[in-house]
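To start, the structure itself, in structure tokens.
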Protein chains: 2
Amino acid sequence: MMCPMARSPGAELALLLLGGFQSMVDEVHGELASRGHEGVRASHEFALRAIDEGADTATELGRSLSVSKQAAAKVIVALERLGYVEREPDPTDARLKRLHVTARGHDMMAQGAALFTEVRNRWAAQIGAEQLDALEAHLTRLTRNRSARTKDLAAGLDEDLGNAV
Amino acid sequence: MMCPMARSPGAELALLLLGGFQSMVDEVHGELASRGHEGVRASHEFALRAIDEGADTATELGRSLSVSKQAAAKVIVALERLGYVEREPDPTDARLKRLHVTARGHDMMAQGAALFTEVRNRWAAQIGAEQLDALEAHLTRLTRNRSARTKDLAAGLDEDLGNAV
DNA sequence: CGTAGATTGACAACCAGGTTGTCGATCAGA
DNA sequence: TCTGATCGACAACCTGGTTGTCAATCTACG
């Protein structure tokens with residue numbers, strides 16, 4: 001009763017993976033908040049990175065996040081409100097509103113990346129760098145098939161990616 | 001643009017962990033659906049297990065899931081609708097409605113556990129059993145502190161556990 | 001040209017899964 | 001017996017996603 005989900009090694013592994021993810025994210029967001037970036041969600045970080053890497057319209061962002069353009073639009077207004085992106089009309093295509101990451105946005109991205117990597121380094125120190133590399137290599141291999149599947153669909157929507165716990 | 005979230009090894013690790021979890025869950029639920037258990041969510045499996053392990057009232061379930069009793073009540077009606085639990089008034093305490101897992105519920109639990117373990121075995125076959133054991137041991141260690149923290153709060157609510165992705 | 005079809009971003013409605021607050025019914029202890 | 005705690009239900013709300021629809025705009029073809 002005190003130990004959640006024993007009994008199935010498989011389920012336990014799944015929980016462990018989820019727990020690891022949440023552990024990292026909590027850690028990073030806590031530190032991020034105390035460095036002037038409060039209210040940041042993991043999805044904000046990932047969306048901001050996607051924008052910075054070229055997904056500079058709502059529809060494009062939705063595509064690269066494998067999410068509807070409406071959902072992408074919602075995170076854009078959040079990012080805008082937080083001061084991480086700005087939106088301005090495209091001079092050559094009046095339908096588009098071009099996105100660009102602000103200085104504050106870049107600061108958040110840099111700090112987030114550094115914090116994630118810091119957590120990763122702490123893990124590496126605990127279990128050994130080559131062990132952590134091995135762990136990553138394994139996870140990459142183990143999820144490659146599915147990633148490929150999901151990526152192929154591109155704007156795929158019959159995958160229920162939002163069903164995590 | 002095609003490769004999501006490069007640039008930060010730490011963020012990549014986090015994504016890898018999340019991807020691993022989702023990969024397992026998707027796999028299991030797909031198979032579960034094709035075996036007569038459609039509409040099952042990960043939360044259903046975990047809640048059902050908690051109920052079976054003794055959390056046989058709504059409030060108790062909420063406690064053992066670290067969630068409000070109202071949220072627990074919602075998953076209970078879902079489980080009831082799916083035929084996995086039944087609810088009947090407690091003869092000795094008229095406030096309580098005692099929960100019990102149905103035969104169908106036990107079947108789902110068994111199949112779910114078996115499928116999770118099957119996925120885990122496939123992973124073990126791919127990366128080696130002792131490597132997988134090592135991976136689990138590492139994740140356990142790496143998340144132990146946080147788990148302990150979270151567990152201590154018990155009905156804690158200042159942790160934003162729902163912030164995954 | 002001009003028009004038919006795609007595409008873009010906005011809006012509304014909805015759903016799932018959480019939250020809080022409140023409430024009546026019930027139990028339990030002083 | 002009364003007072004306080006607990007239980008389950010209900011309502012309202014938030015978040016992050018979905019679909020459907022729409023006017024505006026581009027684009028390619030006749």
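Order of the sequence lines sets the chain letters (A, B, ...), proteins ahead of strands, with each chain counted from 1.
B/Leu96 and B/Ile76 fall into different hydrophobic clusters, where Ile, Leu, Val, Met, Phe, Trp and Tyr residues are linked whenever their side-chain heavy atoms come under 4.5 Å apart, directly or through other members.
When the C1' atom of D/dT25 is taken as reference, atom CG of A/Asp90 falls 12 Å away, rounded to whole Å. As rounded to whole Å, 14 Å separates atom C1' of D/dG17 from atom CD of B/Gln22. Per the geometry, CG belonging to B/Leu65 stands 8 Å off P belonging to C/dG18, to the nearest Å. The distance from atom CZ of A/Arg95 to atom P of C/dT8 is 6 Å, rounded to the nearest whole Å. One interatomic measurement links the two molecules: CZ of A/Arg98 to C1' of C/dT8, which rounds to 11 Å at whole-angstrom precision. When the C1' atom of C/dA10 is taken as reference, atom CD1 of A/Ile76 falls 12 Å away, rounded to whole Å. Separating the CD atom of A/Glu45 from the P atom of D/dG16 is a distance of 14 Å, rounded to the nearest angstrom. To the nearest angstrom, P of C/dA6 lies 19 Å from CD of A/Glu60.
Taking every side-chain heavy atom of B/Lys74 into account, D/dA12 is the closest of D/dG8, C/dT26, D/dA12. Closest to the A/Arg41 side chain, of the nucleotides D/dT15, C/dG18, D/dA11, is D/dT15. Listed nucleotides: C/dG9, C/dC27, C/dG18. Nearest to the side chain of A/Thr59: C/dG9. Counting only heavy atoms from C-beta on, B/Lys69 has its side chain closest to D/dA9 among D/dA9, D/dA5, D/dT25. Of the candidate nucleotides D/dG8, D/dC26, C/dT8, D/dG8 has the atom nearest to the side chain of B/Lys97. With distances taken from any side-chain atom of B/Ala71 to the nucleotides C/dG18, C/dC27, D/dC26, the minimum falls on C/dG18.
In this structure, B/Arg87 reaches the D/dA9 phosphate: one of its side-chain N or O atoms is under 4.0 Å from OP1 or OP2. Side-chain N/O atoms of B/Ser68 include none lying less than 4.0 angstrom from OP1 or OP2 on C/dG18.
Where B/Asp56 and A/Pro91 meet DNA chain D, the nucleotide closest to each residue was compared, and B/Asp56 sits on the side nearer the 5' end.
For B/Gln70 against C/dG17, a side-chain-to-base donor-acceptor contact under 3.5 Å is absent.
The only member of A/Gln131, A/Arg120, A/Arg141 that meets side chain to side chain donor-acceptor pair (under 3.5 Å) when paired with A/Glu136 is A/Arg120.
A/Glu53 has its side chain out of reach of A/Ser64: every pair of non-hydrogen atoms, C-beta onward, lies at least 4.5 Å apart. Put simply, the side chain of A/Trp123 reaches to within 4.5 Å of the side chain of B/Leu139, judged on heavy atoms.
Residue B/Ala94 is in sugar-phosphate contact alone, with no base atom involved, counting any heavy-atom pair closer than 4.0 Å across all strands shown.
At a threshold of 4.0 Å, the pair A/Arg35-A/Glu31 counts as salt-bridged, since one of the basic side-chain nitrogens sits closer than that to a carboxylate oxygen.
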